[in-house]
Amino acid sequence: MKKIKLMNKIAAVGTDNFDRAVYEVSDTLENPDAIMVRSAALHDMEMNPELKAIARCGAGVNNIPVEKCTEKGIVVFNTPGANANGVKELAICALVLAARDVVGGIEWVKSLAGTSDVAKTVEKGKGAYVGTELAGKKLGVIGLGAIGGMVANAANALGMTVVGCDPYITPAAAWSLAPSVKQAASYEDIFKTCDYITLHVPATPQTKNMINEKSIAMMKDGVRIINLARADLVCAADMKKALADKKVAKYVTDFPTDETVGAEGIINVPHLGASTVESEDHCAVMAAIQLDEYLKNGNIKNSVNFPNVSLPHNSLARVCVMHKNVPNTISQITAAFASVNVNIENMANGSKGEVAYTIIETNEKVSDDVVKAVMAVEGVSKVLCY
């Protein structure tokens, strides 16, 4: 029986996808075959030899030691798009909060508790919280993946002029954009021309502190910035200075830190982007289905460290091989099958950076001799049989 360990509370609608005749699912299991996780940090966790996969119920994988997992042949899955609608809706809320001092107004009304003639006081004092409308303003969307694309379309429907920039946009994502969403030539184009800027890119060495003193200096005076992606995208010290100088009018972030909490002009949302019942359910279901397909058939979909490779399981047996992405490796692997007189019926291969993954199907029983022959190929790190 395969073991699935839950590192956080995972929605039952997701874990119910595991056939209990095949899987044991619990938060107390030792030496699991796979892990499901939301926010728990795994960097200091010991990776047991049996561990084959980790599924993150969400898009970001900062809490998972991805490089270490790759070295050990552990496939790390995420669930891109499963929580996109929840984050999109919060992004629209963030745009409104950036445009109008709703938070300040609510706090002021709370302070009137116990006073008399509250309605009259409100009418006299509400002018201090006047804001602006979103319609007619220009929004720059940095990152046009599942979430960024939805935000761009929603803002467009609200009457905003929307431009987006994503050097890595997929054809499917491009087709999903409203025709009136325009392409910016570069991030700098967005910085220089937009009234609002919203960030929807992953945290990488290239994107860390992309909003900093230099990029802020390019922006329009009074720009309003939304960050529902990752805290590391914005240099907090530079943002606080820009707010104090009135260069930035408002900063809304879903990632409060010691530096941002209590700072003037910063609205700290307590990481609520994907915190909807629907998002948690969608992520749990997607993660469970991906784990099940990998543990049963070796098929990989939505991995952050290995290529997406799938093949219908139509033959008697299949062998899945993790190996380096270097010339001549596949031919050596197929030669290894031939060396022990095993015929290959079908195969699929894919690569991602320095790693590659090959699925081979055969109608013959896979013996230890097959595994040994394949493992003997230079660059092969792991062989799994199904």
Next item on the list: Check the side chains of Asn302 and Arg56 for a donor-acceptor pair under 3.5 angstrom, ignoring hydrogens and angles.
Entry: no

Note to self: Before you tell me yes or no, could you show the steps for Thr121 and Val118 under side chain to side chain contact (heavy atoms under 4.5 Å, CB included), namely the whole-Å CA-CA distance, both residues' side-chain angles and the distance that decides it to 0.1 Å?
What the structure shows: CA-CA 5 Å; Thr121 303; Val118 168; 5.6 Å; no

Checklist line | Side chains of Ser315 and His313, donor plus acceptor under 3.5 Å | finding: no

Notebook entry, point to check: Is there a donor in the side chain of Glu345 and an acceptor in the side chain of Asn343, or the other way round, less than 3.5 Å apart?
Noted result: yes

Check: Are Leu51 and Met7 connected in the hydrophobic side-chain network, where two residues link if heavy atoms are under 4.5 Å apart?
Finding: yes

Check: When rounded to the nearest 0.5 angstrom, what distance separates CG in Leu42 from CD1 in Ile64?
Finding: 5.5 Å

Margin query: What I want to find out is whether Asp195 reaches Arg224 closely enough, with some N-O distance under 4.0 Å, to be called a salt bridge.
Written below: no

Check: Does atom NZ of Lys301 have more than 12 heavy-atom neighbours from other groups under 6.0 Å away?
Finding: no

Item checked: Check: Ser275 main-chain N/O paired with Ser279 side-chain donor or acceptor under 3.5 Å -> no

Notebook entry, point to check: Are Ile289 and Leu295 connected in a single hydrophobic cluster, I mean Ile/Leu/Val/Met/Phe/Trp/Tyr linked by side-chain heavy atoms less than 4.5 Å apart?
Noted result: no

Side-chain atoms of residues 124-152: list all donor-acceptor pairs with protein atoms under 3.5 Å, sequence neighbours left out, distances to 0.1 Å.
residue : atom : partner : partner atom : Å
Lys126  : NZ   : Glu123  : OE1          : 3.1
Lys137  : NZ   : Glu133  : O            : 2.8
Lys138  : NZ   : Thr193  : OG1          : 3.2

Check: Could you give the distance from CG (Asp238) to OG (Ser215), rounded to the nearest 0.5 Å?
Finding: 8.0 Å

Checklist line | Donor-acceptor under 3.5 Å (Asn325 side chain, Gly353 main chain) | finding: yes

Notebook entry, point to check: Would you call Lys240 and Ile266 a side-chain contact if the rule is heavy atoms closer than 4.5 Å?
Noted result: yes

Notebook entry, point to check: Can a donor-acceptor pair be found between the side chains of Ser331 and Thr334 at a distance below 3.5 Å?
Noted result: no

Margin query: Can you tell me how far apart CG (Leu291) and OH (Tyr23) are? Round to the nearest 0.5 Å.
Written below: 7.5 Å

Next item on the list: Flag the pair Ile211 / Cys235 as yes when at least one side-chain heavy-atom distance between them is below 4.5 Å, and no otherwise.
Entry: no

Next item on the list: Measure from the side-chain N and O atoms of Asn153 to the backbone N and O of Ala178, and report whether any donor-acceptor pair falls under 3.5 Å.
Entry: yes

Notebook entry, point to check: Are Met219 and Val252 connected in a single hydrophobic cluster, I mean Ile/Leu/Val/Met/Phe/Trp/Tyr linked by side-chain heavy atoms less than 4.5 Å apart?
Noted result: no

Next item on the list: Consider only side-chain N and O atoms of Arg230 and Asn62, and report whether a donor and an acceptor are under 3.5 Å apart.
Entry: yes

Item checked: Residue pair Glu361 / Leu316, side-chain heavy-atom distance below 4.5 Å -> no

Item checked: Pair listing, ring-ring contact (aromatic ring centres under 6.0 Å, His included) test, anchored in residues 216-255, at least two apart -> Phe255-His271

Check: How about Thr79 and His282: does a side-chain donor come under 3.5 Å of a side-chain acceptor?
Finding: no

Next item on the list: Before giving the answer on side chain to side chain contact (heavy atoms under 4.5 Å, CB included), spell out for Gln183 and Val163 the whole-Å C-alpha distance, their side-chain angles and the decisive distance to 0.1 Å.
Entry: CA-CA 5 Å; Gln183 179 182 0; Val163 296; over 6 Å; no

Notebook entry, point to check: Given Val370 and Lys365, is the side chain to side chain contact (heavy atoms under 4.5 Å, CB included) satisfied, shown in steps?
Noted result: CA-CA 9 Å; Val370 174; Lys365 185 181 181 214; over 6 Å; no

Margin query: Do Leu97 and Val103 have side chains that approach each other closer than 4.5 Å (heavy atoms only, starting at C-beta)?
Written below: yes

Check: Nearest 0.5 Å, what's the SG-CD1 distance between Cys320 and Ile300?
Finding: 7.5 Å

Next item on the list: Would you please test Glu188 and Ser186 for side chain to side chain donor-acceptor pair (under 3.5 Å) and show each step?
Entry: CA-CA 5 Å; Glu188 288 76 12; Ser186 63; 3.3 Å; yes

Note to self: Would a single hydrophobic cluster contain both Ile197 and Val181, if residues Ile, Leu, Val, Met, Phe, Trp and Tyr are joined by side-chain heavy-atom contacts under 4.5 Å?
What the structure shows: no

Item checked: Any donor-acceptor N/O pair, Asn305 side chain to Val76 backbone, under 3.5 Å -> yes

Checklist line | Nearest-0.5 Å distance that lies between atom OG1 in Thr276 and atom CD in Glu89 | finding: 7.5 Å

Margin query: What I want to check is whether the side chains of Thr358 and Asn349 have a donor and an acceptor closer together than 3.5 Å.
Written below: yes

Checklist line | Donor-acceptor pair, side chain of Lys382 and main chain of Lys72, under 3.5 angstrom | finding: yes

Note to self: Between Val371 and Cys385, does the side chain to side chain contact (heavy atoms under 4.5 Å, CB included) criterion hold? Intermediate values first, please.
What the structure shows: CA-CA 8 Å; Val371 176; Cys385 300; 3.5 Å; yes

Checklist line | Side chain Arg318, main chain Met347, donor-acceptor under 3.5 Å | finding: no

Check: Does Ser381 use its side chain to pair, donor to acceptor, with the backbone of Met322 at less than 3.5 Å?
Finding: yes

Next item on the list: Indicate yes or no for a side-chain donor-acceptor contact from Asn212 to the backbone of Asn209 under 3.5 Å, with no hydrogens or angles considered.
Entry: yes

Next item on the list: Report yes or no: does Asp166 contribute a side-chain atom to a donor-acceptor pair with the main-chain N or O of Tyr168 at less than 3.5 Å?
Entry: yes

Note to self: Before you tell me yes or no, could you show the steps for Asp27 and Lys5 under salt bridge (charged side-chain N to carboxylate O under 4.0 Å, His left out), namely the whole-Å CA-CA distance, both residues' side-chain angles and the distance that decides it to 0.1 Å?
What the structure shows: CA-CA 5 Å; Asp27 59 0; Lys5 184 170 185 176; over 6 Å; no

Notebook entry, point to check: Side chains of Thr362 and Glu364: do they bring a donor and an acceptor to under 3.5 Å?
Noted result: no

Item checked: Interatomic spacing from NZ in Lys182 to OG1 in Thr161 - rounded to 0.5 Å -> 10.0 Å

Margin query: Between Tyr196 (side chain only) and Ile226 (backbone N and O only), is there a donor and an acceptor less than 3.5 Å apart?
Written below: no

Notebook entry, point to check: Are the side chains of Ile169 and Leu177 in touch, meaning some heavy atoms are under 4.5 Å apart?
Noted result: yes

Next item on the list: Answer yes or no: does atom CG of Asp368 have more than 12 heavy-atom neighbours from other residues, nucleotides or ligands under 6.0 Å?
Entry: no

Check: Could Lys241 and Asp245 be called an ion pair, given the rule that one side-chain N must be under 4.0 Å from one carboxylate O?
Finding: yes

Next item on the list: Assess whether atom CG of Asp258 is packed by more than 12 heavy atoms of other residues, nucleotides or ligands within 6.0 Å.
Entry: no

Note to self: Counting C-beta onward and ignoring hydrogens, is there a side-chain heavy-atom pair between Leu272 and Val269 closer than 4.5 Å?
What the structure shows: yes

Next item on the list: Hey, could you give me each pair passing ring-ring contact (aromatic ring centres under 6.0 Å, His included) that has a residue in residues 39-61? Not counting sequence neighbours.
Entry: none

Check: Hey, is CZ on Arg38 packed in by over 12 heavy atoms from elsewhere, all under 6.0 Å?
Finding: no

Notebook entry, point to check: So do the side chains of His323 and Ile330 get within less than 4.5 Å of each other, counting heavy atoms only?
Noted result: yes

Next item on the list: Kindly check if the number of other-residue, nucleotide or ligand heavy atoms within 6.0 Å of CD (Glu50) is above 12?
Entry: yes

Notebook entry, point to check: So do Arg20 and Phe18 actually touch side chain to side chain, heavy atoms under 4.5 Å?
Noted result: yes

Item checked: Qualifying residue for salt bridge (charged side-chain N to carboxylate O under 4.0 Å, His left out) with Asp33, from Lys3, Lys52, Lys2 -> Lys52

Notebook entry, point to check: Any link between Leu228 and Tyr187 through a network of hydrophobic side chains (Ile, Leu, Val, Met, Phe, Trp, Tyr) touching at under 4.5 Å?
Noted result: no

Notebook entry, point to check: Cut-off 3.5 Å, side chains only: do Asn308 and Tyr357 have a donor facing an acceptor?
Noted result: no

